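Take a look at the structure set out below.
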Amino acid sequence: MRMSKLYLPTLKEDPAEAEVTSHKLMLRAGLMRKHSSGIYSYLPLGYRIIKKIEKITRKHMDNSGAQEVLLPVMQTSEIWKDSKRWDKFGPLMIKFLDRKNREYCLGPTHEEVVTDLVRDEVRSYKDLPLNLYQIQTKVRDEIRPRFGVMRGREFIMKDAYSLDVDYQGLDKSYQAMYDAYERIFAECGLEAVAVEADTGAMGGKDSHEFMVLADSGEDEIAFCSHCDYAANVERATSDKVEIDFEVDSNFEKIHTPEIKTIDQLVEYLEVPAAKMIKAVALVADGEAVLALVSGEDELNEIKLINYLQANELRAAEEEEFEELFNSVPGFIGPVNLGEVRVVADKRLQNMSGAVVGANEIDYHFKDVKTGRDFEVEAFTDLRSVKEGENCSKCESGKLNIKDGIEVGHIFKLGTKYSENMGANYLDENGKAQPIVMGSYGIGITRLVAAAIEQNNDQYGIKWPKAIAPYQVIILPLGNDRLVQEKSEEIYQSLKDQGWEVLIDDRQERAGVKFNDSELIGIPLRLTIGSRSLENGVVEAMIRSTNEKLEIKLDNLEAKVKELFAEIS
Ligand code: ATP
Ligand code: MG
């Protein structure tokens with residue numbers, strides 16, 4: 001491809017709208033342009049990268065035995081009502097009416113479509129197992145679209161759905177996907193790690209996320225320093241022990257004027273933060289819930305949602321403190337609260353001598369005790385783990401917490417969809433059984449951003465060679481006719497041998513050409529100038545290391561092949 005013809009609008013400056021490196025570089029390197037919030041057009045270079053990732057993904061999906069299909073983007077509301085997710089997805093789903101006033105949505109995911117597809121077709125155990133996958137645009141009206149394609153409202157996903165007769169079959173299908181995912185990410189040149197993931201309100205079944213470690217990642221992952229334990233902080237546990245509450249005197253009300261934070265209270269009352277109870281007022285599916293954690297801990301809302309089996313959980317609004325809790329913001333506590341569900345973290349199991357808000361402005365209770373002064377419906381794990389805590393798996397390692405980008409997610413669904421939607425098969429005895437399902441996603445466009453987060457420097461992108469838009473870029477410098485001719489000759493011969501080659505044949509200064517080639521991150525650059533021609537050499541630069549070396553003009557192709565094989 002000739003750079004003079006290529007639609008490649010590069011930018012010199014970082015666009016103001018972009019916060020993270022990958023977003024900046026995707027715009028600057030002319031890979032994409034924004035259409036609307038979270039919605040992008042992919043330009044020629046960007047789309048080539050996407051197609052490479054798709055090709056690698058297809059190869060490993062096909063090798064695993066999965067079969068590619070293409071499912072509708074526009075989906076009827078009926079199937080979503082059958083699965084009971086029409087309301088649950090809420091505003092994340094773009095919903096609309098067609099001209100006959102029938103309700104539709106733009107698919108945020110395809111469990112429903114697949115279950116609907118097979119419920120009328122798969123009749124017997126002989127038709128299973130199956131794994132159907134597709135690579136297609138998904139639409140999710142995210143609350144906070146950001147970081148470019150990392151969290152878009154329209155993005156490309158590879159999604160797969162396994163269908164088995166039983167859980168043993170599901171375990172096999174799941175493992176096959178786990179293995180395929182490891183191969184896909186490795187071949188793309190990405191370092192991705194599988195971590196235990198939250199399974200949502202359904203609970204119990206396996207789920208892993210594949211994470212690319214990067215500071216810009218929106219997820220936090222806890223890793224053990226000693227064993228292989230790795231889990232999303234949404235679900236990670238540590239062996240943090242119960243708090244030792246030794247005091248057992250009667251509770252008293254104390255005046256705490258202008259004191260609203262835990263730190264202020266610790267100083268004022270000289271009671272350690274662990275015994276200051278943090279009470280969080282929440283509304284779960286319309287019901288008031290007070291969650292208690294130790295003052296030194298953070299409430300983990302995912303753990304609470306899972307315990308409550310709630311669809312929606314939100315912080316109480318200011319007026320709801322009065323209406324639902326009969327309390328006031330800043331001083332809420334579990335004593336004399338009335339009809340409110342109170343759930344506490346298990347570290348608070350034997351709470352006594354604790355400090356809580358008195359549900360009255362400027363007052364707290366001290367020396368409160370559960371069972372005597374208030375009741376708790378359950379003590380369960382509700383806190384987020386912290387850096388340095390002991391691992392709950394091996395008990396000799398410490399947890400480290402790192403940021404990660406979720407590039408893939410695999411999930412044992414079980415029979416939730418097949419039961420809700422009536423997707424059964426007949427077993428060997430002719431008895432109807434629900435199909436056992438799994439679902440498996442890879443964020444193809446998010447992966448482009450993740451690859452850049454992992455591979456860049458101050459000059460631009462350093463594409464891993466497997467997903468680079470082109471393999472080699474040729475830079476003829478100056479107006480020397482011999483340089484032009486030789487460059488064209490090299491360009492043609494490399495192309496003829498099957499290399500993916502760019503030639504910067506623009507009438508630009510050397511500096512511009514160098515900068516652009518580094519920005520777009522082509523793995524191997526060959527620079528040709530009149531002086532190098534006189535010496536019978538070209539200068540090669542390997543973008544991943546920025547290492548430069550001279551290679552002889554004769555036998556150039558063989559040397560390119562050799563160099564390319566060495567780079568990652
Ligand atoms: P997240 O927790 O990041 O919102 P998710 O768990 O909702 O993602 P899944 O339903 O598991 O996402 O989708 C499968 C994959 O699709 C994710 O692992 C991610 O790589 C990708 N993905 C999900 N949402 C987006 C988005 N808004 N923009 C780009 N990629 C996305
Ligand atoms: Mg996910």
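This is a predicted model, so every value here is computed, not measured. Start at 1 and go down the list; that is how both ligands and their atoms are numbered.
The shortest N or O to N or O distance between G441 and ligand 1 is not under 3.5 Å. Ligand 1 has an N or O atom lying under 3.5 Å from an N or O atom of V407, backbone or side chain. On a distance-only criterion, F155 and ligand 1 share no N/O pair closer than 3.5 Å.
Looking at H409, its N, O or S atom nearest to the Mg ion (ligand 2) turns out to be ND1. Note on E406: its N/O/S atom closest to the Mg ion (ligand 2) is OE2.
Contacts of E142 with ligand 1, taken as heavy-atom pairs under 4.0 Å, involve the side chain alone. At a 4.0 Å heavy-atom cut-off, ligand 1 touches R151 through backbone and side chain alike. Residue D159 does not touch ligand 1, judged by heavy-atom distances below 4.0 Å.
When side chains are defined from C-beta on, I79 counts as touching R119, because their heavy atoms get closer than 4.5 Å.
Side chain of N300 to backbone of V233: a donor-acceptor contact under 3.5 angstrom is found.
Per-residue contacts place R446 under 4.0 angstrom from the following atoms of ligand 1 (heavy atoms of the residue considered): 3 (O), 19 (C), 20 (O), 22 (N), 23 (C), 24 (N), 25 (C), 26 (C), 29 (C), 30 (N), 31 (C). Each of the following atoms of ligand 1 lies closer than 4.0 Å to a heavy atom of R140: 5 (P), 7 (O), 9 (P), 10 (O), 12 (O), 13 (O), 23 (C), 24 (N).
A heavy-atom separation below 4.0 Å is found between M150 and ligand 1. Residue contact check for ligand 1: L447 places no non-hydrogen atom closer than 4.0 Å to it.
Nearest residue to atom 17 (C) of ligand 1 from E209, E111, E406 is E406 (criterion: closest heavy atom).
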